Amino acid sequence: MTSEVTYDYDLFVIGAGSGGVRASRMAAAAGQRVAVAEQQYLGGTCVNVGCVPKKLFVYASHYHEDFTDAAGFGWDVSPPKHNWQRLIENKNQEISRLNGIYLQLLENAGVDIVDGRAEFVDSHTVEVSGKQITAERILIAVGGEPIVPDTPGAECVITSNEAFYLNECPERVVIIGGGYIAVEFAGIFNGLGVETHLVYRGSQLLRHFDHAVAQFVTDEMTKKGIHIHFNTTIDAFEKNSDGIHCQLSNGSTLVADQAMCAIGRRPLTAKLGLENTKVSTRNSGSIVVDDRFATDDPAIFALGDVIGTPELTPVALAQAMVFVDQRFGEDVREMDYHSIPTAIFSQPNMATVGLSEEAVRAKKIPANVYTSEFRHLKHTLSNNSERVLMKMIVESETDVVLGIHMAGPDAGEIIQGFGVAVKAGLTKSQFDATIGIHPTAAEELVTLRQVNYAIE
Ligand code: NDP
């Protein structure tokens, strides 16, 4: 006689962020009985304290420059004044709307939503708000949280989480870090008229990206008035009546109304009760999975920011689709991390797909490099000195385009399109055979004819 175990659900998902919501909906659509637990807000980091509000802030801050640019086109705009509270209110309203949409999507898909923090009791059981729930499979999609340094006085430092909810816009800000969030927020605050200092421990911002393009963005940021302190760390923070005193490693002190750290994010695995399962984690706290999102515990799976793959919403969404296909579908899909396009919403924007020049050199691939630097058509009349840089790297032997990197307006929009071509492995000749759209900045990428230099 066999005894069959019955579970409350076929799939229990922990975390209703980008990956968790997508996996829940798709698994339910595939006929599974699904529940998702969320301790904070539907939509996770991306919707609430990440991509979406960040992009809204970037739009908000860029108006400053747009008003100035408008003069060259004949507009007289009286000195513009920004209302921070209105921005926050409107942003909050939009986030609430999106939270509602996520709720509706889950409900319409037939997913049960469980409010509260889930903790593992055993491999098939979680406890949420005192209630135990069982499932045949459990998917961890809890994402991450900003890292706060253990620098003395760091309790007065904010992270991006708080920056989205400040009651007042600071007059002076110090941002620590040199990656995506630091660079994006430096642009946001600077655009809003805040005296902005970026304190970075190294000598090259965005150092994992193509160096020439990252340097170009750095130069443009400096031109726009951001004070960048390279090779500098902060030894201590102290909150005084005149602001937060940031003691720099070079002996000087910066005083600001807000100090914000953006030094990376850590997986939210600490209080999950993983010790009650066979799930393994790395030193960073991220969960070890195989290429089918299986942890070391046969009943438990994980995806998204918590597994140490690129911390990007579209990656989590793709992982969720692949996971559902593999476990509840035809099992014909697998995750491919090759040539993931990405954008930094710095000002100007920077976007990239494929290999950087440094990666091509490290792999010793002989290649030709094409670059084009120019003034955007819009800035001929605006008199704005901002420039655009485009860079394409082409493998010498095969003519395949290995990487495209860009800094300039709408870089993310442009590289999203060209990302398909790079992903498809198209050749430079195929780019050349494509007719440009005139006048656009993007047409430059199909009219690059002159090799600037070769990588041997
Ligand atoms: P990043 O990993 O992009 O950058 C972290 C930065 O902090 C680096 O410059 C790093 O320096 C520096 N740093 C790390 N530790 C310390 C320390 N102890 N003291 C001082 N500096 C330190 O992390 P972010 O926090 O900016 O963003 C987290 C992730 O979120 C990103 O990696 C990205 O995946 C995602 N994200 C994506 C966005 C997008 O798609 N546009 C926007 C925002 C975030 P070093 O370079 O020397 O290591």
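Here the structure is a predicted model, which means the values were calculated and not measured. Remember, it's 1-based here, ligands and their atoms both numbered in the order they're listed.
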*Pick out which of R375, K224, K223 makes a side-chain hydrogen bond (donor to acceptor under 3.5 Å, both in side chains) with E386.*
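Exactly one option meets the side-chain hydrogen bond (donor to acceptor under 3.5 Å, both in side chains) with E386, and it is K224.
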Looking at [atom], what's its closest protein heavy atom, distance included?
atom	answer
atom 7 (O) of ligand 1	I263 CA, 3.1 Å
atom 2 (O) of ligand 1	G264 CA, 4.4 Å
atom 26 (O) of ligand 1	I181 N, 2.8 Å
atom 38 (C) of ligand 1	Y180 CD2, 3.2 Å
atom 42 (C) of ligand 1	E184 OE1, 3.2 Å
atom 9 (O) of ligand 1	G178 N, 2.9 Å
atom 4 (O) of ligand 1	G179 CA, 3.3 Å
atom 10 (C) of ligand 1	R201 NH2, 4.0 Å

_F12: which residues meet the ring-ring contact (aromatic ring centres under 6.0 Å, His included) condition with it, sequence neighbours left out?_
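Result, ring-ring contact (aromatic ring centres under 6.0 Å, His included) vs F12: none returned.
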*Would you say K54 contacts ligand 1, with heavy atoms under 4.0 Å as the rule?*
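Distance cut 4.0 Å: K54 passes for ligand 1.
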_Using heavy atoms and a 4.0 Å limit, tell me yes or no: is L312 in contact with ligand 1?_
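Heavy atoms of L312 do come under 4.0 Å of ligand 1.
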*asked:* Before we go on, tell me: are the rings of F431 and F418 under 6.0 Å apart, centre to centre?
replied: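 They qualify: ring centres under 6.0 Å apart.
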_Listing request: all side-chain hydrogen bond (donor to acceptor under 3.5 Å, both in side chains) pairs with a residue in residues 146-161, at least two apart in sequence or in separate chains._
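Those involving residues 146-161 are T159-E162.
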